[in-house]
Amino acid sequence: MLRSCCVYGAGILCVLLLIAGIAMALTQVFQKLIDNTIKEQVVLENGTEAFSVFQNPPPPVYMQFYFFNLTNPAEVLDGDKPFVLQVGPYTYREYRPKEEVKFLDNGTRVEAISPKTYVFEPNMSRGSEDDIIRTVNIPAVTVMEKTKDRWFEGLVSALMKSKGIGVFGTFRVGDLLWGYEDPLLKLIQKFITMDDHFGLFYKKNGTDDGDYIFFTGKQNYQDFARIDKWNGNSSLNWWSTEGCNRINGTDGASFHPVITKTEKLYIFSSDLCRSIYAQYESDVSVRGVSGFRFVPPSQVFANLTINPDNAGFCVPAGNCLGSGLLNVSACKEGAPIIMSSPHFYQADDKFVQDVFGMNPNKEEHETVIDVNPLTGMLLRGAKRVQVNVYLHQIQGFSQTGKIRTLVFPVMYLNESVLIDEESAKKLYAVVSEANVIVNIPFIVISVGILLGVIFIILMCRQQTSPSTEAERQPLLSS
């Protein structure tokens, strides 16, 4: 009797476990529990791990600069294609803490600045800051663009000739990056007001790019670290449409938790003077932690025939250069600066063919974001952007010679980050614990199946009746 009770008890327990396990799996009760717990914990407020990472990002960030050295300047001025050789990288360790942090509106928003400091890393570089690069004389080209068709155009041209200043020049790497006193800019003060110093990152070492106000994620987890205002404004004023002027997304250092493969990750970049987005591409694993890889699709910088939403980035209105390029002269004090991906990756083939030495490839030149989908923590990232100058013949300036109309590559940067070992171990423990909890329904189902197998075996044994003494006797006796 006791044996029968145990057998039927195992059967009933098997059915109950299977029903409970399947119900929990279908309703995703534990997945929702984990997601809700993470949403509550990943908030920018004092004492949370998320705020600590936001204020002092632990992984080291490195900025690598690659320059394009022009080998045939005379031929270019005579109408030939430029031939460039890539040199570098010149690598810097980047420090980017959040400072002057102040919580607003009952902790729903937080104000901060993010000063960036760059320290040269000679052991990670190929060359020194004293290396000489031949490239476009950006101050000279900017002055020509600003003074063309004005009454003093001839005076400026004569001044440039007298000083031997032309379209191209040679510069120290350190000067090109961090700034130098430019002789032409100093002389031109009589005609136009411009800073007499120039550098691609002039006044950007040890300084911040403005005041940010972020949402903390307290009211909505999807707003975690999203930018509400930059320099007191919730939109830009450089572009011609509301959508293009919208400040959208985070600063790229962190993202909201519980990320899905179907959503877009938005990032605002003050360097690009606009917001961009990235889409899911593949699953990845970084230091043993699972993640999703997001990349900006080609539509982000596509021309308006492919992506009509980009019409507002054509400046002046209607003046579009082609896919893969962004004219940022409006936010660079009128300098004819064109941004693109390195080596014109994903740009129209025309721009690649216009310059000898361009070899675009996905692995080296694509911007990537590897993020843990549960916590939104950045596992690995690489922002890759190229700085170009728009060159063409300017009638009042003989210095431009017979130069072709082209987009000339000056340099590109690779700003990269990789999660450190300690942070990876902490995150791995969190993800592993969450995976165990999420898989509880399948564990319950497995136990139910095991009990079902035991129940079937016991039932089969119970059905087989024991033989009698007579049945065990041999058929023939000797």
Side-chain angles (χ1 to χ4, degrees), residues 38-39 42-44 50 53-54 57 96 98 108-112 114 209-231 233-239 241-282 284 291-302 306-313 324 326 328 331 339-341 346 366-385 415 417:
I38 293 294
K39 290 173 186 178
V42 181
V43 177
L44 295 179
V53 172
F54 170 82
R96 48 192 304 176
K98 297 288 194 303
T108 59
R109 299 189 303 163
V110 59
E111 184 177 9
S114 183
D209 63 342
D211 181 78
Y212 287 85
I213 295 179
F214 303 89
F215 289 105
T216 62
K218 192 173 182 179
Q219 292 179 316
N220 186 339
Y221 80 96
Q222 289 189 319
D223 284 338
F224 173 80
R226 184 169 69 84
I227 298 169
D228 178 34
K229 291 184 179 180
W230 178 57
N231 287 331
N233 300 306
S234 56
S235 63
L236 309 171
N237 58 10
W238 296 311
W239 314 113
T241 64
E242 181 182 347
C244 292
N245 277 318
R246 187 176 298 122
I247 296 176
N248 199 3
T250 72
D251 62 357
S254 53
F255 300 92
H256 70 77
V258 192
I259 295 172
T260 65
K261 295 181 179 180
T262 57
E263 68 181 290
K264 297 176 180 178
L265 296 184
Y266 284 89
I267 302 167
F268 171 70
S269 170
S270 61
D271 294 332
L272 292 175
C273 311
R274 61 165 290 186
S275 299
I276 64 172
Y277 67 88
Q279 291 180 323
Y280 169 82
E281 183 184 69
S282 63
V284 294
F292 292 165
R293 169 160 291 186
F294 283 78
V295 300
S298 59
Q299 287 83 357
V300 171
F301 293 106
I306 299 173
N307 184 359
D309 292 338
N310 283 344
F313 294 119
L326 178 67
V328 294
C331 62
M339 307 298 277
S340 71
S341 292
Q346 289 187 331
E366 182 178 52
T367 292
V368 298
I369 302 166
D370 294 343
V371 62
N372 175 252
L374 178 64
T375 63
M377 185 175 288
L378 187 65
L379 303 176
R380 177 172 51 202
K383 182 177 79 172
R384 293 158 175 159
V385 179
E415 187 178 25
V417 61

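Counting from 1, the numbers follow the sequence of the chain as shown.
Formation of a donor-acceptor pair under 3.5 Å by the Thr367 side chain with backbone atoms of Pro296 is not found in this model. Formation of a donor-acceptor pair under 3.5 Å by the Trp238 side chain with backbone atoms of Arg274 is not found in this model.
For the side-chain contact (heavy atoms from CB on, under 4.5 Å) test, residues two or more places apart in sequence or in another chain that qualify with Gln299 are Tyr277, Pro297, Asn307. Shown here are the salt bridge (Lys or Arg N to Asp or Glu O under 4.0 Å) partners of Arg109, two or more places apart in sequence or in another chain: Asp105, Asp228. With sequence neighbours excluded, the residues satisfying salt bridge (Lys or Arg N to Asp or Glu O under 4.0 Å) with Arg226 are Asp223. For Phe224, there are no ring-ring contact (aromatic ring centres under 6.0 Å, His included) partners at least two apart in sequence or on another chain. For Asp271, the side-chain contact (heavy atoms from CB on, under 4.5 Å) partners are Lys204, Ser269, Lys383, not counting sequence neighbours. Applying the ring-ring contact (aromatic ring centres under 6.0 Å, His included) test to Phe215 and every residue at least two apart in sequence or in another chain returns nothing.
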Check against salt bridge (Lys or Arg N to Asp or Glu O under 4.0 Å), Arg293 and Glu366
CA-CA 12 Å; Arg293 169 160 291 186; Glu366 182 178 52; 5.8 Å; no

Test side-chain contact (heavy atoms from CB on, under 4.5 Å) applied to Lys261 and Phe292, step by step:
CA-CA 8 Å; Lys261 295 181 179 180; Phe292 292 165; 3.6 Å; yes

Check the pair Ile267, Phe255 against side-chain contact (heavy atoms from CB on, under 4.5 Å), reporting the backbone distance first and the verdict last.
CA-CA 9 Å; Ile267 302 167; Phe255 300 92; 3.9 Å; yes

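Separation of the Phe54 and Phe214 ring centroids falls under the 6.0 Å cut-off.
With a 4.5 Å cut-off on side-chain heavy atoms, Phe268 and Leu236 count as touching.
For the residue pair Asn248/Ser275, the side-chain donor-acceptor check at 3.5 Å is not satisfied.
Using cut-offs of 30° and 60° for the angle between ring planes, the His256 and Tyr221 rings count as perpendicular.
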